[in-house]
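A quick write-up on the structure given underneath.
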Amino acid sequence: AQTIHQWPVAEIKAVGSPLSLGCTIKGKSSPNLYWYWQATGGTLQQLFYSITVGQVESVVQLNLSASRPKDDQFILSTEKLLLSHSGFYLCAWSLAGEDTQYFGPGTRLLVL
Amino acid sequence: QQQVRQSPQSLTVWEGETAILNCSYENSAFDYFPWYQQFPGEGPALLIAIRSVSDKKEDGRFTIFFNKREKKLSLHITDSQPGDSATYFCAARGGGGNNKLTFGQGTVLSVIP
């Protein structure tokens, strides 16, 4: 059974439109959660992290926001997409006090 | 500022050979170095990791050699297989409290049968 689920799998959106990406972790209690962005053929850049419900820290400003409404859910969103938002969005989790981060399958976003 | 650098950008080896992927870093506070393997269209998967207190970590065909003084590490893949063809990312974590991983640009490995 997959521990981490991301939705949607892929999106094609227009510039200026809103966006909401989701991530759900199953079977892990109070995980640390992370959002990463990866340009096509590029490296991974951490965007946000959260250690508990309702608490999200921003690492990089990219006109995006994140929220953690439930212990097992992490949401990435924006009200107005830019062309530069295109890429691969990855959610990751780790257990508190442990080093390893585990990545989800990702969401491919194309902004036109 | 590129805090984690990888070389080469791409590497091609024959099946059965040893592939050597290099990584260097600038921040002395980095204390944990995972290597991730990523196939096209998938999320990265942890391959092997090392802490800065160790100089070597082995797991099957994968070995990390770590030189703290020179701020360098390398991933050795012995007996390379076509299924090892993927992009490999070196990452580093500093003591910033957010468990932030800084990734290198990746090395694309191709293993020819």
Side-chain angles (χ1 to χ4, degrees), chain A residues 2-11 21 23-25 30-52 55-60 66 68 74 87-110, chain B residues 1-10 21 23-25 27 29-54 57 59 64 66 86-110:
Chain A
Q2 190 171 351
T3 299
I4 179 168
H5 177 61
Q6 288 190 241
W7 74 92
V9 172
E11 280 263 49
L21 305 180
C23 171
T24 298
I25 314 297
S30 301
N32 294 336
L33 298 177
Y34 314 86
W35 277 113
Y36 285 83
W37 174 77
Q38 183 179 30
T40 302
T43 188
L44 289 86
Q45 186 173 31
Q46 190 180 62
L47 302 176
F48 299 94
Y49 74 96
S50 171
I51 61 173
T52 191
Q55 184 178 334
V56 177
E57 298 295 329
S58 173
V59 178
V60 174
R68 186 169 177 177
F74 208 18
F88 198 35
Y89 287 85
L90 292 150
C91 180
W93 65 273
S94 68
L95 292 178
E98 295 191 7
D99 298 321
T100 305
Q101 292 185 28
Y102 301 92
F103 286 83
T107 293
R108 179 75 58 187
L109 173 67
L110 179 60
Chain B
Q1 182 185 5
Q2 188 68 32
Q3 290 206 56
V4 178
R5 291 187 175 88
Q6 291 186 245
S7 65
Q9 200 169 2
S10 63
L21 290 66
C23 180
S24 64
Y25 62 98
N27 190 342
F30 287 152
D31 61 357
Y32 170 71
F33 302 86
W35 284 84
Y36 284 88
Q37 179 190 56
Q38 186 178 32
F39 295 105
E42 297 182 8
L46 178 70
L47 193 62
I48 186 173
I50 193 168
R51 290 177 177 267
S52 59
V53 294
S54 301
K57 180 74 176 292
D59 186 357
I64 300 175
F66 181 70
T87 301
Y88 292 81
F89 288 98
C90 170
R93 185 199 65 188
N98 62 5
N99 209 21
K100 178 185 177 183
L101 288 178
T102 300
F103 282 79
Q105 294 298 318
T107 293
V108 179
L109 174 65
S110 299

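Chain A is the first sequence line, chain B the second, and so forth, proteins listed ahead of strands; every chain is numbered from 1.
- Under the ring-ring contact (aromatic ring centres under 6.0 Å, His included) rule, B/Y36 has a single partner from A/Y36, A/Y102, A/F103, which is A/F103.
- Here B/I50 contributes atom CD1 and A/D99 contributes atom CG; the two are 12.5 Å apart, rounded to the nearest 0.5 Å.
- For the residue pair B/F89 and A/T43, the shortest heavy atom distance occurs at CE2-CA, 3.9 Å.
- Rounded to the nearest 0.5 Å, atoms CZ (B/R93) and CD (A/Q101) are 9.0 Å apart.
- For A/S50, no part lies under 4.5 angstrom from a heavy atom of chain B.
- Residue A/L90 touches chain B through its side chain alone, counting heavy-atom pairs closer than 4.5 Å.
- The most heavy-atom pairs under 4.5 Å with chain A, out of B/G41, B/A45, B/G106, come from B/G41.
- For a residue to count as touching a neighbouring chain, one of its non-hydrogen atoms must lie under 4.5 Å from one of that chain's; by this rule B/P44 touches chain A with backbone and side chain alike.
- For chain B, no part of A/Q45 is nearby; none of its heavy atoms comes within less than 4.5 Å.
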